[in-house]
Every structure is written in C-alpha cells, then in structure tokens.
Amino acid sequence: MPKAAIFDLDGTLLDSMGVWDQIDMDFLARRGFEVPADYVPTISAMPFEQVAVYTIERFHLNETPEAVMAEWDDMAHEAYATMVEAKPGAVEYLTYLHDTGVKLGVATSLTPSLREPAMKHVGIFDFFTTITSVDDVYGIGKDQPDVYLLAASRLGAEPCECVVFEDILPGIRSAKSVGMRVWAMHDDSSDADWARICALADGVMFDFHDAPRFL
C-alpha cells in the first residue's frame, strides 16, 4: 500500500461537474453568450481567479474578477451545501484506505466556502489529514504539480509514495511528471480527453467500486 493517497474533489470525489456546467450556461446566458465547446477544457486546470480573468478577457466583460468570482460562489453555494453527492463508492473506499493506515489528503481548486460544506454534506470531511488548495501554492494551477507536491509534503510522504485520484488530463499529467501514480476517474466533463487519460493513467475507473484495493 502507498503511504498517502491524494484526491481531487470536483469530478473525482464529488459528482459536481454538472453544477458548474449549469453555472457556466447561466452566467454566460445572462450576458448574451453560449458556452463555447473549448471553454471547459481550457479552464479545467486553472485556479478560480485565473478562470475569472480568462472569462472576462475572452468575452470582453466590463467586470472585475472579484465580482465574477462572487457571483459564481453565490450560484454554487446552495448546490454544494445541499445537493452535490459523492461519487458512488467514495465513502466506502475512503473508509477502507483510512482503516488500512493510508494517509489521506485533498488537492483541489475549490474555494473553502464551497469545499467544506460539500465535504461535510456527503460525509467525507473527517477522513482527511490535509486539504490543500491551489491558493496554497500562490494560485498555480493543476497543470503544474505544485498542489500535489504540497499535499504530499503535508502528509509526510515522498511523491513516489503517493497515489493521486484525479479526473482532468492536465492534473494527471503533472502528478505523473513528479513520480506519483495516478488513477483517473471518468467524468462527463473530461470525455474529450478520455482516450489520452486512459493512455497516461496507471488505472481508470467510472466510480469508486472500480477503485484498486492494492495500489
């Protein structure tokens, strides 16, 4: 067994990407736009503030990043606190890893106002020794391995002692680049990258009933 397991939240532990699909549609529709096909793949590895800046620039919005982020946060808060569910088998799998002595951490782009209510709502908050955000690494997105390396350090593990569970191709690629093993979770939001994800990851799954018992 590895010393540590590091989990993404959106699209991996949390079945939440549909929330963001709806937010993207509603937010842009209010401003007279449809969601371009390349929008979600482009922003998938970005930290929250960078997504706001990118969105403002791409759609020529006369708004501040702070205002955009506040609107997104308001739109998402109720869904994360009351409606988002864990991916099937997630709670049972975290229980198994915890009981076998694997240290558990989170590496996420989610803000605290969304991640903590969601984790508590689905019953997974208390499993984790550390919750590490891209904000903890100066806003560096998941296309770089910094957030995974910091999570590993906080768990007292070397990269080669870690397994990462992630659903986006940039995150899988960057975690692999520093010697971590990666299991990929399928999510509809990453369908366009699925063939490349399957070729790169150490294993793939459609929910946590497919997760490995021996990592």
Side-chain angles (χ1 to χ4, degrees), residues 1-16 44-48 80 84 86-87 89-185 187 190 197 200-205 207-215:
M1 296 295 289
K3 190 171 184 178
I6 300 169
F7 291 83
D8 169 59
L9 289 177
D10 270 335
T12 301
L13 281 175
L14 300 178
D15 193 5
S16 53
S44 65
M46 294 181 184
F48 207 46
Y80 271 81
V84 164
K87 286 287 181 86
V91 175
E92 295 83 355
Y93 189 61
L94 292 173
T95 300
Y96 163 74
L97 292 181
H98 181 269
D99 289 350
T100 55
V102 178
K103 295 181 179 180
L104 304 177
V106 163
T108 183
S109 300
L110 272 181
T111 61
S113 64
L114 297 180
R115 68 185 183 235
E116 292 180 15
M119 293 174 72
K120 291 175 180 177
H121 168 63
V122 303
I124 63 174
F125 184 80
D126 292 334
F127 284 109
F128 295 98
T129 300
T130 183
I131 299 173
T132 305
S133 166
V134 293
D135 294 328
D136 298 325
V137 290
Y138 309 103
I140 297 171
K142 285 190 168 182
D143 56 335
Q144 301 295 321
D146 301 57
V147 68
Y148 305 108
L149 290 171
L150 180 58
S153 176
R154 289 176 170 179
L155 293 169
E158 296 297 323
C160 63
E161 298 175 312
C162 298
V163 175
V164 172
F165 293 84
E166 180 63 83
D167 70 305
I168 62 169
L169 180 60
I172 293 165
R173 184 182 290 127
S174 65
K176 290 279 292 181
S177 75
V178 291
M180 296 178 175
R181 284 174 289 156
V182 182
W183 275 73
M185 173 65 76
D187 193 82
S190 58
I197 287 171
L200 181 62
D202 295 284
V204 299
M205 54 192 181
D207 62 40
F208 282 96
H209 295 117
D210 301 328
R213 290 288 160 170
F214 299 97
L215 299 173

Please report, to 0.1 Å, the donor-acceptor pairs under 3.5 Å made by any side chain of residues 116-126, with sequence neighbours excluded.
residue	atom	partner	partner atom	Å
His121	NE2	Thr82	O	3.2
His121	NE2	Val84	O	3.2

Can you label the angle between the Tyr93 ring and the Phe7 ring as parallel, tilted or perpendicular, going by 30° and 60°?
->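 The rings of Tyr93 and Phe7 stand perpendicular, inter-plane angle above 60°.
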Please report the interatomic distance [atom1]([X]) to [atom2]([Y]), rounded to the nearest 0.5 Å.
| X | Y | atom1 | atom2 | result |
| --- | --- | --- | --- | --- |
| Arg115 | Leu9 | CZ | CG | 8.0 Å |
| Ser44 | Asp167 | OG | CG | 8.5 Å |
| Ile6 | Leu104 | CD1 | CG | 10.0 Å |

[X] versus [Y], closest heavy-atom pair with distance:
| X | Y | answer |
| --- | --- | --- |
| Ser174 | Pro145 | O-CB, 3.5 Å |
| Asp210 | Met205 | CB-CB, 3.4 Å |
| Gly141 | Pro47 | CA-CD, 3.7 Å |
| Ala5 | Val102 | N-CG1, 3.7 Å |
| Ile168 | Ala45 | CD1-CA, 3.9 Å |

Under the side chain to side chain contact (heavy atoms under 4.5 Å, CB included) test, residues paired with [X] that sit two or more places apart:
| X | result |
| --- | --- |
| Thr129 | Leu155 |
| Ser153 | none |
| Ser190 | Asp187, Ile197 |

Answer yes or no: is there a donor N or O on one side and an acceptor on the other, between the side chain of Thr100 and the main chain of Leu97, under 3.5 Å?
-> yes
All side chain to side chain donor-acceptor pair (under 3.5 Å) counterparts of [X], not counting sequence neighbours:
| X | answer |
| --- | --- |
| His209 | Asp207 |
| Asp202 | Lys176 |
| Asp10 | Ser16, Trp20, Tyr80 |

Partner set under ring pair (Phe, Tyr, Trp, His ring centres under 6.0 Å) for Phe128, not counting sequence neighbours | none
Could you list the residues that satisfy ring pair (Phe, Tyr, Trp, His ring centres under 6.0 Å) with Tyr148, not counting sequence neighbours?
->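 Listed in chain order: nothing, the list is empty.
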What residue pairs, at least two apart or across chains, pass salt bridge (charged side-chain N to carboxylate O under 4.0 Å, His left out) with a residue in residues 100-113?
->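 As it turns out, there is no salt bridge (charged side-chain N to carboxylate O under 4.0 Å, His left out) pair with a partner in residues 100-113 once direct neighbours are skipped.
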Output every pair passing salt bridge (charged side-chain N to carboxylate O under 4.0 Å, His left out) with a member in residues 138-159, not counting sequence neighbours, ordered by first then second residue.
-> Asp8-Lys142, Asp136-Arg154, Lys142-Glu166
Heavy-atom side-chain contact between [X] and [Y] under 4.5 Å:
| X | Y | answer |
| --- | --- | --- |
| Leu13 | Phe208 | yes |
| Met180 | Leu149 | yes |
| Leu110 | Phe48 | no |

Residues which pass salt bridge (charged side-chain N to carboxylate O under 4.0 Å, His left out) with Asp135, listed by chain and number, not counting sequence neighbours | none
